[in-house]
J.: 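To start, I am sharing the structure in question, which I have written as structure tokens.
Bear in mind the structure is a predicted one, so any value in this text is a computation, not a measurement.
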Amino acid sequence: MNSTYKKEIWYTLVFSLLLLICGHSGLLFVAVPGLRDIMIMGFPSQYCIPVALGWLGLMVVVVIQAKLTNDLDDEIEALTSTNTTSKTKG
């Protein structure tokens, strides 16, 4: 298998995991109730952390994912075009 496609599989797995972690960070406070007593700038941590990760965290992860996958798509397109031209010449 081509290394570009392996990279695509790894990107998919890693970003799926990151998106799940950011989107479901509130479950951490259900699993570990002791974290609920922490205050961040006067707000309970069980509200601040999931909101920050759910909004800002997801936005950062999606921007990075879009940049990397667009670059990967360009790499796959270049690879496909070189394979197509080599087959038509041969």
Side-chain angles (χ1 to χ4, degrees):
M1 186 190 299
N2 191 329
S3 66
T4 309
Y5 292 106
K6 287 182 184 178
K7 209 185 302 185
E8 183 178 19
I9 291 169
W10 276 109
Y11 282 176
T12 302
L13 293 175
V14 168
F15 282 111
S16 295
L17 183 66
L18 286 174
L19 291 170
L20 280 171
I21 289 170
C22 287
H24 294 88
S25 61
L27 294 175
L28 178 68
F29 296 96
V30 174
V32 186
L35 294 175
R36 295 180 192 168
D37 300 333
I38 299 171
M39 300 294 275
I40 300 172
M41 296 188 309
F43 296 103
S45 62
Q46 74 246 26
Y47 300 123
C48 291
I49 293 173
V51 167
L53 283 177
W55 290 354
L56 302 174
L58 281 174
M59 185 173 59
V60 168
V61 169
V62 168
V63 166
I64 293 169
Q65 180 185 16
K67 172 69 174 126
L68 289 176
T69 52
N70 280 336
D71 292 344
L72 187 63
D73 284 342
D74 293 340
E75 191 177 329
I76 290 172
E77 187 176 322
L79 179 69
T80 304
S81 66
T82 58
N83 285 343
T84 305
T85 56
S86 66
K87 286 182 182 179
T88 57
K89 290 181 181 181

J.: Over all heavy atoms of both residues, which pair between Pro50 and Gly26 is shortest? Give the atoms and the distance, please.
T.: CG-CA, 3.7 Å
J.: Taking all heavy atoms of Ala78 and all of Ser81, pick out the closest pair and write down the distance.
T.: O-OG, 2.9 Å
J.: Do Leu58 and Trp55 belong to the same hydrophobic cluster, where Ile, Leu, Val, Met, Phe, Trp and Tyr are linked whenever their side-chain heavy atoms lie under 4.5 Å apart, directly or via other members?
T.: no
J.: Of all heavy-atom pairs between Cys22 and Val61, which one has the smallest distance, and what is that distance?
T.: SG-CG2, 4.1 Å
J.: Nearest 0.5 Å, please: how far is OG1 in Thr69 from OH in Tyr11?
T.: 9.0 Å
J.: Cluster question for you: counting only ILVMFWY and a side-chain heavy-atom cut-off of under 4.5 Å, with indirect links fine, are Leu68 and Leu72 together?
T.: yes
J.: Can you tell me how far apart CG (Leu79) and CG (Asp74) are? Round to the nearest 0.5 Å.
T.: 12.5 Å
J.: Is it true that Leu19 and Val60 fall in one hydrophobic cluster, defined by side-chain heavy atoms closer than 4.5 Å?
T.: yes
J.: I'd like to check Val30 versus Gln46 (side-chain heavy atoms, cut-off strictly below 4.5 Å). Are they in contact?
T.: no
J.: Does Ser45 use its side chain to pair, donor to acceptor, with the backbone of Ile38 at less than 3.5 Å?
T.: yes
J.: Look up atom CD in Gln65 and atom OG in Ser16, then write down how far apart they are to the nearest 0.5 Å.
T.: 7.5 Å
J.: Can you tell me how far apart CD1 (Ile49) and CD1 (Ile40) are? Round to the nearest 0.5 Å.
T.: 4.0 Å
J.: Out of curiosity, Cys48 SG to Met39 CE, how far, rounded to the nearest 0.5 Å?
T.: 8.0 Å
J.: Hydrophobic cluster membership, with links at side-chain heavy-atom distances under 4.5 Å among I/L/V/M/F/W/Y: are Leu27 and Ile21 in one?
T.: no
J.: Would you say Tyr47 has more than 12 foreign heavy atoms packed within less than 6.0 Å of its OH?
T.: no
J.: Would you compute the distance between atom CZ of Phe15 and atom CD1 of Ile64 and round it to the nearest 0.5 angstrom?
T.: 6.5 Å
J.: Donor-acceptor pair, distance only, cut-off 3.5 Å: does the side chain of Arg36 make one with the backbone of Phe29?
T.: yes
J.: Is Thr4 close to Lys7 at the side-chain level, that is, under 4.5 Å between some pair of heavy atoms?
T.: no
J.: If you take all heavy atoms of Leu53 and Ser25, which pair is closest and at what distance?
T.: CD1-CB, 3.6 Å
